[in-house]
Amino acid sequence: QIVRIDSGHTMRELLDSLAKFKLQLPWATYVGGPEAPRPGDEMEVSLTLTPGEYVMVCFISGADHVPHVMKGMALPLSVTASSATPITEGPPADVQIELREYALDITPALEAGPHTVRVVNSGRALHHVALARLAPGHTAADFLAWARDQRGVPPGELIGGTTALSPGM
């Protein structure tokens, strides 16, 4: 997860807020990042970062259900202006996922094969999206039930997605 912090704020301040479960802060913008890949896999996300101060944090938890960020998995980043020609976008998207409170729209409908997906948060709260391939005989409801406590064998596998995006990202 990459979080931009406004001038005058620090990584320590962000980590202290996260420890109190305060995620939405007026001075912190969640700009995204890739969902965690499976061991041995990789995920790719294209982001346009403006000059400023950022923090990379990991919200994944182990068997103890303690997010890695609470164990110190955080890294400050300073993004500086570049003299190189800026890249305005990643590869062109052929699918868009629009996130908002308790709903999402996918256009056009996903079909089998590789895709470049643009994810937009049109809501008023932080949102993220995770794509899962269901195991044979399992449903989305099975996967959501498993995701609540992540105990036992998952009824599918995560294959992509993005970490949290602030409204408008």
Side-chain angles (χ1 to χ4, degrees), residues 1-5 11 14-15 18 23-25 28-62 66-101 103-123 125-136 138 140 143-144 146-147 150 153-169:
Q1 174 71 60
I2 301 174
V3 183
R4 180 183 165 96
I5 55 175
M11 180 172 90
L14 176 66
L15 297 179
L18 295 176
L23 298 176
Q24 285 199 224
L25 305 161
T29 303
Y30 291 70
V31 298
E35 268 297 337
R38 298 176 309 221
D41 277 355
E42 58 185 63
M43 300 242 178
E44 191 173 312
V45 169
S46 296
L47 301 171
T48 301
L49 302 178
T50 57
E53 298 303 313
Y54 294 79
V55 180
M56 291 178 63
V57 297
C58 178
F59 287 122
I60 299 297
S61 298
V66 176
H68 294 164
V69 66
M70 297 299 125
K71 297 177 178 186
M73 195 169 180
L75 181 71
L77 276 179
S78 288
V79 175
T80 58
S82 172
S83 60
T85 304
I87 299 172
T88 56
E89 291 285 330
D94 61 317
V95 175
Q96 178 165 305
I97 299 176
E98 185 177 352
L99 310 171
R100 50 188 195 289
E101 282 65 40
L104 57 87
D105 290 317
I106 302 173
T107 52
L110 277 171
E111 296 179 359
H115 293 282
T116 299
V117 179
R118 179 176 178 81
V119 179
V120 179
N121 181 357
S122 296
L126 292 172
H127 292 291
H128 78 103
V129 66
L131 302 173
R133 179 183 304 118
L134 298 172
H138 289 280
F143 196 88
L144 292 172
W146 171 85
Q150 297 185 13
V153 177
E157 60 184 352
L158 293 176
I159 60 168
T162 181
T163 57
L165 297 168
S166 288
M169 297 300 293

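Atom set for the values below is all heavy atoms of this structure, side chains included, hydrogens, waters and symmetry mates excluded. Keep in mind it's a predicted model, so treat the numbers as computed, not measured.
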Are any non-hydrogen side-chain atoms of [X] and [Y] less than 4.5 angstrom apart?
X     : Y     : result
Met70 : Leu18 : yes
Val57 : Leu15 : yes
Met56 : Met73 : no

Considering non-hydrogen atoms only, spot the tightest contact between [X] and [Y] and give its length.
X      : Y      : value
Asn121 : Leu165 : ND2-O, 2.7 Å
His115 : Leu110 : CD2-CD2, 3.8 Å
Ala93  : Val117 : CB-C, 4.3 Å
Ile2   : Tyr54  : CG2-CD2, 3.7 Å
Pro155 : Phe143 : CG-CA, 3.5 Å
Glu101 : Gly123 : OE1-CA, 3.4 Å

Looking only at atom types and distance, does a side-chain atom of Gln96 sit under 3.5 Å from a main-chain N or O of Val120, one as donor and one as acceptor? no

Using atom types as modelled and distance alone, determine if a side-chain donor or acceptor of Arg118 lies under 3.5 Å from a backbone N or O of Pro92. no

Kindly list each side-chain donor-acceptor pair under 3.5 angstrom involving residues 76-84, sequence neighbours excluded, with atom names and distances?
unit_1, atom_1, unit_2, atom_2, d
Ser78, OG, Glu53, OE1, 2.7
Ser78, OG, Glu53, OE2, 3.0
Ser82, OG, Ala84, N, 3.0

[X] side, atom [atom1]; [Y] side, atom [atom2] - distance, nearest 0.5 Å:
X     : Y      : atom1 : atom2 : answer
Glu98 : Ile106 : CD    : CD1   : 11.5 Å
Asp94 : Glu111 : CG    : CD    : 9.5 Å
Asp41 : Leu158 : CG    : CG    : 11.0 Å

What donor-acceptor contacts under 3.5 angstrom involve side-chain atoms of residues 28-37, with partners at least two apart or in another chain?
unit_1, atom_1, unit_2, atom_2, d
Tyr30, OH, Leu23, O, 2.8
Glu35, OE2, His128, ND1, 3.0

Kindly state each residue pair satisfying side chain to side chain donor-acceptor pair (under 3.5 Å) with at least one member in residues 158-169, sequence neighbours excluded. Gln1-Thr163

